Structure formats: structure tokens, C-alpha cells
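Below is one structure; the comments refer to it alone.
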Amino acid sequence: MHPALDWQEDDPSSALMFSPPPKPPRTVRLPGELPMAVAAAIWRGDQLGGPVSAVLSSGFEALDAQLPGGGWPCHGVIEILASQSGMLEWRLLGPALRQVCAAGRAVVVVGPPKAPHLPGLRFEGIDERHLVWVRADTAAERLWSAEQLIKANACGALVVWLPQARSEQVRRLQVLAASCEGPVFLCRPSAAVRESSAAPLRLLARVGLDWELHLDIFKRKGPPLQGTLRLGSVPGGLRSILTPRLRFPSRLLPSVSREADHVVVSTPAPDRPHRAVH
């Protein structure tokens, strides 16, 4: 027998004493209370959702505060609805696309209603060397191009105009976008607000008179945003030349509402004479 193991079992002083490790204190939970790890993984509909994937800052602090995770979510479709298609989207997405270009990744636009204006995009910090414009005239070409780009994960951000997209087509894009590292922005007309959509984030955007963007976030991971979010958005080429008076055009037009989409024109008084024009 090994000397180190030679001891008398009846000798208490020479016996090896093993004590079990102390048990952790038992956590007492209230009835219906979930474990901390389980509670952290549960999202409740009355709360703003947390980040489930990477996000890209929108460049607007007030907007980031209202987006789940604090920015445009990647690995998913973001639906932007607007009545002034082709102009408003660049002002809303410009700050985010600038970050994509700065990181050396490509921004791909599919089927924009108007040709991208490169001098204006330069003012927004979007380098044309990282901008890819896919000319697709029909809805089928736009949808096919978007699907192939998403599958290939070929861009840092994708902006596609699909004014006549059906709900099953949006659902397919959302499924494919789960494997895409960058955000997928789907631009549609404002009339689509009444249609169902698989996109987890949907916004209705309008242009205000005082160089603002008015946003209604009516679908997100959390409760709908109560009220309209107003974001200052002066085009880059005008920031240095706007006078203080022109910075607030609504003050010059008291009879016009602040939203450009809903113009109210004052009518003449009932007793004011009218002359027929022949």
C-alpha cells in the first residue's frame, strides 16, 4: 500500500474528511414570477422590443429612440410608405446610407422612380463609388433583383421600390432578409397603409413645410407610436444658404398647414364679388 494512503480506519484523527460544497441559497419567487433568464427573453406587446439582431443608426436621435434596438434593424424588411415617392426616401435614409458607404460597403437601389441625383447625394455624404443603381422597369424585374441581392448578401443596404407588391411577395422578402446582414428598405405608396404586411417595421412618411419629415410608426415590435414624429431634415445643399426667414416657410404662409400633403387654401368671404373669366 502506498505510504500516503496507509492509515487506520478506526483512527478518527487519521481519516480523510470530505465535506460537500455548500448549496447555493434557494431563490424564493412570488407566485407567477418567472426566472430572470426566462423573463429577459420574453417580449410583452406593451413594451418596445429589444435588439434581436444588429441595428444601423438612422442618424436621427429622436427616431432611434422610437425604433426597437435603437436603429434600423438588420436581417429584416423595413417598409417606408410615402405619397411623394423618389424624393422623401433619400432624405430619410441618407444619414444611414452615409454610414454604409463610410464602412466601404455598397448601397444598392432597385427601380427608383427617378434617377439618383449624384451631386445631391454627395451633399448627404453618399459616395457614388459605393452606390449601385439597378434599372428595373417592371414589378417582376424589381422583385427578382431584390430577391437575388438578398440571397447573395451582396450589399450593406438595399433600397427597393415595389409600389404594387402583394402581401405574399413582402412575406417572401421578409423570410429571405433574415439571412441578410444589412437592412432591406421597401418603398411603397402611402395607400398601402391599409394592407397587411409581414414587414416587422412599417412607417408612414410625409414632408413638412419647415424642412421636416413627419413620421407615423404604425407597426413595430412594441406599441404603435402615439402621435407624429417630426424630424429636422434640411437637404445638405441648402443648409449653408438658407436664411433664418426661409428656415421656417410656414411662418410666411399663415393660411397653409404645416404638412405639405394637406394644403389648406383660404377661400374668399361670401360677400366678396366674383368675376367670370372667359
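Just so it is clear, the values below take in all heavy atoms, side chains as well, and ignore hydrogens, waters and symmetry mates. In this text, all values refer to a predicted model and were calculated from it rather than measured experimentally.
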Any side-chain heavy atom of [X] within less than 4.5 Å of one from [Y]?
X	Y	value
Ile80	Leu92	yes
Ser167	Val170	no
Leu204	Ile217	no
Val132	Val107	no
Val159	Cys187	yes
Leu173	Leu143	yes
Leu149	Val110	yes

Within the side chain of [X], is there an N or O that forms a donor-acceptor pair under 3.5 Å with the backbone of [Y]?
X	Y	answer
Arg202	Ser196	no
His75	Ala178	yes
Lys219	Ala199	yes

[atom2] on [Y] to [atom1] on [X], rounded to 0.5 Å:
X	Y	atom1	atom2	result
Glu124	Cys101	CD	SG	11.5 Å
Gln174	Ile150	CD	CD1	9.0 Å
Glu212	Thr228	CD	OG1	11.0 Å
Trp90	Ser233	CH2	OG	14.0 Å
Leu203	Ser58	CG	OG	10.0 Å
Arg91	Leu88	CZ	CG	7.0 Å

Are [X] and [Y] grouped together when hydrophobic residues (ILVMFWY) are joined by side-chain heavy atoms under 4.5 angstrom apart?
X	Y	result
Leu67	Leu225	yes
Leu176	Leu186	yes
Leu201	Val184	no
Leu93	Leu131	yes
Leu97	Val108	no

List the atom of [X], the atom of [Y], and the distance in Å for their closest heavy-atom pair.
X	Y	value
Ala146	Val160	CB-CG2, 4.1 Å
Arg105	Glu181	NH1-OE1, 3.5 Å
Ala192	Leu81	C-CD1, 4.0 Å
Ala139	Leu162	O-CD2, 4.0 Å
Ile78	Pro183	CD1-CB, 4.0 Å

Sequence neighbours left out, what passes side-chain hydrogen bond (donor to acceptor under 3.5 Å, both in side chains) with [X]? Give chain and number order.
X	result
Glu168	Arg166
Ser197	Glu79
Ser57	Asp64

All pairs passing ring pair (Phe, Tyr, Trp, His ring centres under 6.0 Å) where residues 184-204 contributes a residue, at least two apart | Trp72-Phe185
Between Asp210 and Arg230, is there a side-chain N and carboxylate O pair less than 4.0 Å apart?
->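 Answer for the salt bridge query: no.
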For residues 133-149, which residue pairs qualify under salt bridge (charged side-chain N to carboxylate O under 4.0 Å, His left out), counting only residues two or more places apart or in two chains?
-> Glu147-Arg172
Show the atom names and distances, to 0.1 Å, of all donor-acceptor pairs under 3.5 Å that link a side chain in residues 112-122 to residues at least two apart or in another chain.
unit_1, atom_1, unit_2, atom_2, d
His117, ND1, Gly120, N, 3.1
Arg122, NE, Glu128, OE1, 3.2
Arg122, NE, Glu128, OE2, 3.2
Arg122, NH2, Glu128, OE2, 3.3

Strictly by modelled atom types, are Gln164 and Arg188 linked by a side-chain donor-acceptor pair under 3.5 Å?
->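 There is no such pair (donor and acceptor under 3.5 Å, judged by atom type) between the side chains of Gln164 and Arg188.
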